[in-house]
Amino acid sequence: MEDDKVNSRDKARIAIMELANMISVPMSLNAVIRLNVPDAIWQGGANTPLSATQILSLVLPSGGGDPENLQRVLRMLTSYGVFIEHLDANSSERKYSLTDIGKTLVTDADGLSYGPYVLQHHQDALMGAWALVHEAVLDPTTEPFVKANGEPAYSYYGKKPEMNGLMQKAMAGVSVPFMKNVLNSYNGFEGVNKLVDVGGSAGDCLRMILQKHPTVKEAINFDLPEVVAKAPHIPGVTHVGGDMFKSIPAADAIFMKGKG
Ligand SMILES: C[S@@+](CC[C@H](N)C(=O)[O-])C[C@H]1O[C@@H](n2cnc3c(N)ncnc32)[C@H](O)[C@@H]1O
C-alpha cells in the first residue's frame, strides 16, 4: 500500500516535469518546419528513413549544420509520434521517416501543409502573449495579446505583411483539407444564391464551395481590409473589406469558420 503511494507520487513528479517542459515539443516542431525536414524526408513520396546527417545534406546542400543537434530534435518528436526512428542494431545509426502525423507537415501539390499553422501559433507576438495568461485572470479588461503587443491580434497581423501572409497560409493549410471533407457530406449550400463567408481570409473556403456548387451565383469573401487587400483573385468571388462587429454584407446564407 505504502509502495503504491510512493509510486504514484513519483509518477506525479515525473508528470509535472513533463508538463513543465512541454514547450520543447512545439518548439521542436517549429525547428523541423523551419529547416524543411518533413519535405526533405518525404522526397516526393519516398519517405525513406534518413539519418540526421543525410537530412542536413538535403536541407543545407552547401554544407554546414549540426547533425547531433538535429538528431536531438528528431528524437524528441519521435517520442511524440511525428517521426519513426529506425535504429540500426549493428552501427547504432538512427534514421527517421515520417508518421501520418509527420506527413501533415509535407508541402502538397498546392503548396499547402500544416507547417504554417504550427509556425503561426508560435510567432514572437503570440509567445509574448502566452507569458501573460495569468494577467487575463487578474485583469480581464485587456487581453494578454494587447498587453504584450499594444493592439488586438488581427489588427496587429494586418499591419505586418509577413504575419498577415503567414496567417493566410496557415488557414489555407488547415481549411482546404477540412473543407474537402465537409463538402463530401454536407449539401446545405444547395439552393443558396448569395453566400457570404465572414472572416473568409484568402477566400479558399468560398473557392471550394463554388467549385462544388456552381449554382451559388454571388459569393462574398468578407474579412478585414488588410486581409482582403492581399487575397488572390478568385473567379466568382468578390472580396469585401470591413469589420464584422460593425456590419456584414447581406446574403441568403452566412458561412463562418474558425480555426478547426
Ligand atoms: C481563424 S481565421 C479563419 C479564416 C477562414 N474562415 C478559414 O477557416 O480558413 C479568422 C479570420 O477572421 C478574420 N477576422 C478577425 N476579426 C475580424 C473582424 N472584426 N471582421 C472581419 N473579419 C475578421 C481574420 O482576419 C481571419 O481571416
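First listed ligand is number 1; within each ligand, the first listed atom is number 1.
Relative to the ring axis of Tyr156, Lys160 places its NZ or CZ within 45° and under 6.0 Å from the centre. The side-chain tip of Lys257 points at the ring of Phe178 from less than 6.0 angstrom away and within 45° of straight on.
Any N or O atom pair closer than 3.5 Å counts here, and Asp223 shares at least one such pair with ligand 1. Taking distance alone, with nitrogen or oxygen atoms compared against 3.5 Å, Ser175 approaches ligand 1 more closely than that limit. An N or O contact shorter than 3.5 Å links Gly258 to ligand 1 by distance. Between Cys205 and ligand 1, no pair of N/O atoms sits closer than 3.5 Å.
Contact of the Asn47 side chain with the Ile41 side chain is registered, since non-hydrogen atoms from C-beta on lie closer than 4.5 Å. Between Lys95 and Asp88 there is no side-chain heavy-atom pair separated by less than 4.5 Å. Side-chain contact between Met171 and Gln120: absent, with no pair of heavy atoms (C-beta onward) separated by less than 4.5 Å. Contact annotation: the side chain of Met27 approaches that of Met127 to within less than 4.5 Å [non-hydrogen atoms, C-beta and beyond]. Counting only heavy atoms from C-beta outward, the side chains of Pro49 and Ile84 never approach each other to under 4.5 Å.
With hydrogens and angles ignored, the 3.5 Å screen pairs a side-chain donor or acceptor of Thr99 with a backbone N or O of Gly81. In this structure, Asp252 contributes its side chain and Asn193 its backbone to a donor-acceptor pair below 3.5 Å.
Residue Gly242 places a heavy atom less than 4.0 Å from ligand 1. At least one heavy atom of Met167 sits closer than 4.0 Å to an atom of ligand 1.
Protein heavy atom at the shortest distance from atom 20 (N) of ligand 1 is Met244 N, 2.9 Å. The nearest protein atom to atom 23 (C) of ligand 1, hydrogens excluded, is given as Leu224 CG, 3.7 Å; this is a heavy-atom distance. With hydrogens left out, the protein atom closest to atom 10 (C) of ligand 1 is Tyr154 OH, 3.4 Å, a heavy atom. Remark: minimum distance from atom 11 (C) of ligand 1 to any protein heavy atom is reached at Gly199 O, 3.5 Å.
Close approach of ligand 1 to Phe245 is summarised as follows: ligand atoms under 4.0 Å from at least one heavy atom of the residue are 19 (N). Interface of Lys257 with ligand 1, defined as ligand atoms under 4.0 Å from a residue heavy atom, comprises 3 (C), 5 (C), 6 (N), 7 (C), 8 (O). Atoms of ligand 1 lying under 4.0 Å from any heavy atom of Asp243, numbered from 1 in the order shown and given with element: 18 (C), 19 (N), 20 (N).
By the 30° and 60° cut-offs, the orientation of the rings of His121 relative to Tyr117 is tilted.
At a 4.0 Å heavy-atom cut-off, ligand 1 touches Val227 through the side chain alone. Within the 4.0 Å heavy-atom criterion, both parts of Ser201, backbone and side chain, lie near ligand 1.
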